[in-house]
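Okay, structure first, notes after.
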Amino acid sequence: LRLGVVSIATGLATIPWASNLYVLWVVVLLVPVGTALLFPATTSMVSQSSPRGEVGQNLGVQQSFGGVSRMVGPLWATAAFQYVSIQAPFWIASGLMAAVLLIALRVPRSEGHPPEPVQKERKEALQCQQRREPATEPAMDADASPAGSKSARLPSRNRKVLRIFL
C-alpha cells in the first residue's frame with residue numbers, strides 16, 4: 001500500500017522534470033507500478049474490513065468512487081494544464097498522493113489476518129458449517145419463494161427480475 005502510493009507520487013512529481021525520452025520512460029513507469037501495488041491492496045482492505053453481508057456493496061462503492069474520479073480527474077487536470085501551467089496537473093496529483101501517503105501511514109500493518117469483527121463472523125460461519133447448521137439468514141419478504149430455492153435468498157426486487165429471465 002505505502003510503496004504503491006510513494007511510487008505514484010514520485011512518478012507524478014518527476015514527470016515534469018524528465019529531460020529526455022529515456023528518463024521519461026523510467027519516470028512514467030513508476031505510475032503504473034504504483035497503481036499495480038496500490039489498487040489490489042485497497043480492494044483487499046475494503047473486502048477484509050467489510051461485514052460479510054456488505055462486502056459487495058462496499059466494493060461497489062469503492063468502484064463508483066474510482067469511476068467518478070476517472071471522470072473528474074481529467075477535467076480538473078485539463079483546467080490546471082490550461083490556466084496554471086503545463087506541470088501543474090502532475091504536481092497537484094503528486095500532492096494529493098502525498099496526502100494519501102499520510103493517511104496510509106496511519107493504517108496499521110496487516111499480518112495477513114482480517115480485522116476482528118470479520119474474523120468473528122467467519123469463525124461463526126465455520127462453526128455453523130461444521131455443525132451442519134445453516135448460517136443465520138436475513139428475514140424474507142412476504143412473497144418469498146420456497147426456502148430451498150436460490151431465489152428465496154434474494155430480495156424481492158431481484159426475484160422479480162430473475163422470474164423475467166426464467
Side-chain angles (χ1 to χ4, degrees), residues 1-130 135-138 153-155 157-158 161:
L1 176 74
R2 293 172 181 95
L3 184 59
V5 173
V6 168
S7 178
I8 293 172
T10 303
L12 290 170
T14 54
I15 284 175
W17 289 322
S19 57
N20 60 46
L21 191 58
Y22 300 110
V23 173
L24 183 63
W25 284 348
V26 172
V27 169
V28 167
L29 185 63
L30 291 173
V31 176
V33 166
T35 301
L37 294 171
L38 178 64
F39 287 9
T42 56
T43 301
S44 175
M45 286 176 56
V46 168
S47 68
Q48 288 185 357
S49 61
S50 297
R52 193 172 115 194
E54 298 176 4
V55 174
Q57 177 183 356
N58 291 341
L59 288 172
V61 169
Q62 179 198 18
Q63 291 298 317
S64 296
F65 277 116
V68 169
S69 67
R70 286 180 195 92
M71 291 186 316
V72 174
L75 294 175
W76 73 259
T78 301
F81 184 89
Q82 185 172 359
Y83 297 112
V84 179
S85 73
I86 294 172
Q87 297 89 0
F90 300 105
W91 289 336
I92 293 170
S94 181
L96 289 172
M97 291 308 297
V100 169
L101 179 61
L102 293 176
I103 295 169
L105 290 173
R106 299 187 70 199
V107 174
R109 288 187 180 264
S110 173
E111 289 145 16
H113 302 292
E116 189 62 36
V118 176
Q119 284 182 349
K120 184 179 176 186
E121 283 183 13
R122 290 180 183 169
K123 185 177 179 181
E124 290 171 1
L126 181 62
Q127 288 172 348
C128 287
Q129 189 178 35
Q130 288 173 347
T136 56
E137 298 272 336
R153 292 175 276 181
L154 299 173
R157 68 179 182 275
N158 291 351
V161 170

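The residues of the chain are indexed from 1 along the displayed sequence.
- Atoms CD1 and CH2, on Ile15 and Trp91 in that order, are 12.0 Å from each other to the nearest 0.5 Å.
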Per-pair distances, 0.1 Å, donor-acceptor, side chain in residues 28-40, under 3.5 Å, sequence neighbours excluded:
unit_1, atom_1, unit_2, atom_2, d
Thr35, OG1, Val31, O, 2.9

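- Ala88 and Ala80 get closest at one heavy-atom pair: CB-O, 3.9 Å.
- Residues Ala93 and Leu12 share a closest heavy-atom pair of CB-CD1, 3.6 Å.
- Applying the side chain to side chain contact (heavy atoms under 4.5 Å, CB included) rule to Ile103 yields no partners; only residues at least two apart in sequence or on another chain are considered.
- What you find for Asn58 and Ser50 is that their closest heavy atoms are ND2-OG, 2.8 Å.
- Sparse packing is recorded around CD1 of Ile86, with 12 or fewer heavy atoms of other residues, nucleotides or ligands lying under 6.0 Å away.
- Scanning both residues, Ser85 and Pro89, for their nearest heavy atoms gives O-CD, 3.6 Å.
- For Gly66 against Ser69, the heavy-atom pair with the smallest separation is O-OG, 2.7 Å.
- Here the closest heavy-atom approach between residue Gly11 and residue Val27 is recorded as O-CG1, 3.4 Å.
- Annotation: the span from Leu96 atom CG to Ile8 atom CD1 amounts to 11.5 Å, rounded to 0.5 Å.
- Here the straight-line distance linking atom OG1 of Thr10 with atom CE of Met97 works out to 10.0 Å at 0.5 Å rounding.
- In this structure, Ser94 contributes its side chain and Phe90 its backbone to no donor-acceptor pair below 3.5 Å.
- Trp76 CH2: more than 12 foreign heavy atoms inside a 6.0 Å radius.
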